[in-house]
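Structure first, then comments.
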Amino acid sequence: MSSQLEHAARELAARMADLDLKGRVAVIEATVPGRLVFTTSLGIEDQALTHALAMAKGRTEIVTLDTGRLYPETYDTWTETESAYGIRIQAYVPEREAEERFVREEGINGFRQSVAARQACCGFRKVEPLGRALEGAAGWLTGLRAGQSANRADTPLAEADAARGLIKINPLADWSRADVDRFVADNYIPYNVLHDRGFPSIGCAPCTRAIKVGEDERAGRWWWEQTSKKECGLHIHTPEQIPEARVQPGQEPAAFETPNRNLSPEMAR
């Protein structure tokens with residue numbers, strides 16, 4: 001199965017390479033059999049892809065992970081997008097018991113106390129809902145770009161996600177931020193006003209800040225952690241397994257994080 005996925009992903013990437021976004025969407029929908037899911041964070045890259053999918057009126061489902069901690073401006077963008085395109089963006093939310101347990105044991109902003117706590121928070125707010133969103137999917141579309149950060153520099157147009165048993169498709173992988181901005185402006189696409197306030201990347205409100213001059217686009221995400229830790233577990237290239245919410249080697253707490261803080265066995269899962 002893995003070799004078949006890898007072959008299919010390479011073939012799809014090759015067919016997409018010289019096409020514009022409209023053409024890439026058409027090839028994806030014509031080539032990948034089965035359920036197609038686009039997970040939007042409502043950031044500017046995802047807005048560009050939402051536009052292309054909405055204009056195509058194809059079969060790709062547009063969903064989002066509503067963590068419950070998003071900026072008000074993100075919810076405004078969600079509303080405006082649905083109104084502009086006459087669509088509904090399906091929400092996948094955290095499981096109530098997991099959220100209540102985390103807040104009870106770690107505190108409402110306990111994710112800042114250790115890497116393990118932050119991974120646990122991302123785990124129930126994003127990774128677990130993503131699993132439900134992608135259940136039974138053959139293709140997963142994202143708005144990832146190689147230029148977003150060093151961690152994403154090798155993002156391909158399509159890749160095999162053997163752990164989830166699907167093809168992960170990144171139609172904007174080779175676009176620059178200037179390409180995205182131009183496409184959004186040219187097509188009058190609604191976007192989050194926080195992008196105009198120094199937020200090139202927007203996630204949960206407590207975990208995202210505006211960037212400083214010279215910082216990369218994702219420097220404002222989990223800014224209290226080292227650069228190598230700045231992924232939530234959703235986007236891991238060709239993962240051996242879906243990461244669990246625990247500290248991995250090289251991800252020890254930063255200097256101001258509470259040392260030797262252990263999550264309960266329930267939250268560590």
Side-chain angles (χ1 to χ4, degrees), residues 1-16 21 24-43 45-47 49-68 70 78 81-82 85-99 119-120 122-144 155-173 203 231-245 269:
M1 173 65 80
S2 178
S3 61
Q4 291 177 339
L5 277 177
E6 290 172 1
H7 176 73
R10 286 194 299 270
E11 289 288 313
L12 178 58
R15 293 187 63 184
M16 293 168 61
L21 185 55
R24 288 177 177 183
V25 167
V27 165
I28 292 165
E29 296 214 342
T31 302
V32 182
R35 183 173 176 241
L36 291 170
V37 179
F38 167 44
T39 53
T40 175
S41 68
L42 299 156
E45 290 87 359
D46 290 341
Q47 289 298 99
L49 188 47
T50 293
H51 171 85
L53 292 169
M55 292 295 98
K57 301 185 184 302
R59 60 188 177 87
T60 301
E61 301 172 33
I62 304 176
V63 309
T64 194
L65 308 179
D66 182 4
T67 66
L70 303 177
W78 184 346
T81 302
E82 290 188 332
Y85 296 108
I87 62 175
R88 280 284 179 262
I89 299 173
Q90 182 177 349
Y92 286 83
V93 302
E95 291 189 337
R96 177 180 59 79
E97 291 184 0
E99 181 172 10
Q119 289 179 334
C122 289
F124 77 79
R125 292 191 189 277
K126 301 174 78 172
V127 177
E128 190 280 331
L130 175 69
R132 284 186 276 120
L134 295 180
E135 186 174 356
W140 171 24
L141 283 73
T142 84
L144 295 184
T155 299
L157 289 171
E159 59 190 311
D161 188 334
R164 295 185 176 95
L166 51 73
I167 298 175
K168 185 176 180 181
I169 308 162
N170 312 302
L172 305 181
E231 291 290 348
C232 61
L234 298 185
H235 301 295
I236 306 296
H237 287 324
T238 57
E240 294 298 323
Q241 60 181 13
I242 304 304
E244 297 182 354
R269 287 200 291 268

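In this text, all values refer to a predicted model and were calculated from it rather than measured experimentally.
- Within the 4.5 Å cutoff, no side-chain heavy atoms of Y92 are placed close to those of E128.
- Considering all non-hydrogen atoms of both residues, T67 and P94 come closest at O-CG, 3.7 Å.
- Inter-residue side-chain proximity for T60 and V37 is flagged as unmet; no heavy-atom pair is nearer than 4.5 Å.
- Taking CG from L65 and CZ from R132, the interatomic distance works out to 9.0 Å, rounded to the nearest 0.5 Å.
- Note: T81 OG1 to R88 CZ = 12.0 Å, rounded to the nearest 0.5 Å.
- There is no side-chain donor-acceptor pair under 3.5 Å between T155 and N170.
- Remark: T50 OG1 to M55 CE distance equals 11.0 Å, nearest 0.5 Å.
- Note on residues 51-64: pairs passing salt bridge (charged side-chain N to carboxylate O under 4.0 Å, His left out), not counting sequence neighbours, are R35-E61.
- Put simply, the side chain of I169 does not reach to within 4.5 Å of the side chain of R24, judged on heavy atoms.
- Distance CG/L53 to CD1/I87: 8.5 Å, rounded to 0.5 Å.
- Tested against W140 for a side chain to side chain contact (heavy atoms under 4.5 Å, CB included), the candidates V32, I167, L130 yield a single pass: L130.
- Of all heavy-atom pairs between A173 and P156, the closest is CB-O, 3.5 Å.
- With respect to M16, the side chain to side chain contact (heavy atoms under 4.5 Å, CB included) criterion is satisfied by exactly one of T31, V25, L21, I28: I28.
- P129 has its side chain out of reach of V93: every pair of non-hydrogen atoms, C-beta onward, lies at least 4.5 Å apart.
- In this structure, T64 and S41 have side chains that are not in contact, with every pair of non-hydrogen atoms separated by 4.5 Å or more.
- Between Q47 and L42, some side-chain heavy-atom pair lies under the 4.5 Å cut-off.
- Side-chain contact check for W78 versus T40: every heavy-atom pair is 4.5 Å or farther apart.
- Among all heavy-atom pairs drawn from A138 and P33, the shortest one is CB-O, 2.9 Å.
- Closest of all the heavy-atom pairs between A98 and F124 is CB-CB, 3.8 Å.
- Of all heavy-atom pairs between A91 and D66, the closest is CB-CB, 4.3 Å.
- Expressed to the nearest 0.5 Å, how far CG of L157 lies from CG of L144 amounts to 11.5 Å.
- Partners of E11 by side chain to side chain contact (heavy atoms under 4.5 Å, CB included), not counting sequence neighbours, listed by chain and number: H7.
- A pairwise comparison of heavy atoms in L141 and F38 identifies O-CD1, 3.2 Å as the closest pair.
- Partners of E99 according to the salt bridge (charged side-chain N to carboxylate O under 4.0 Å, His left out) rule, which considers only residues two or more places apart in sequence or in another chain, are R125.
- Residues R10 and E6 have side chains in contact (heavy-atom distance under 4.5 Å, counting atoms from C-beta outward).
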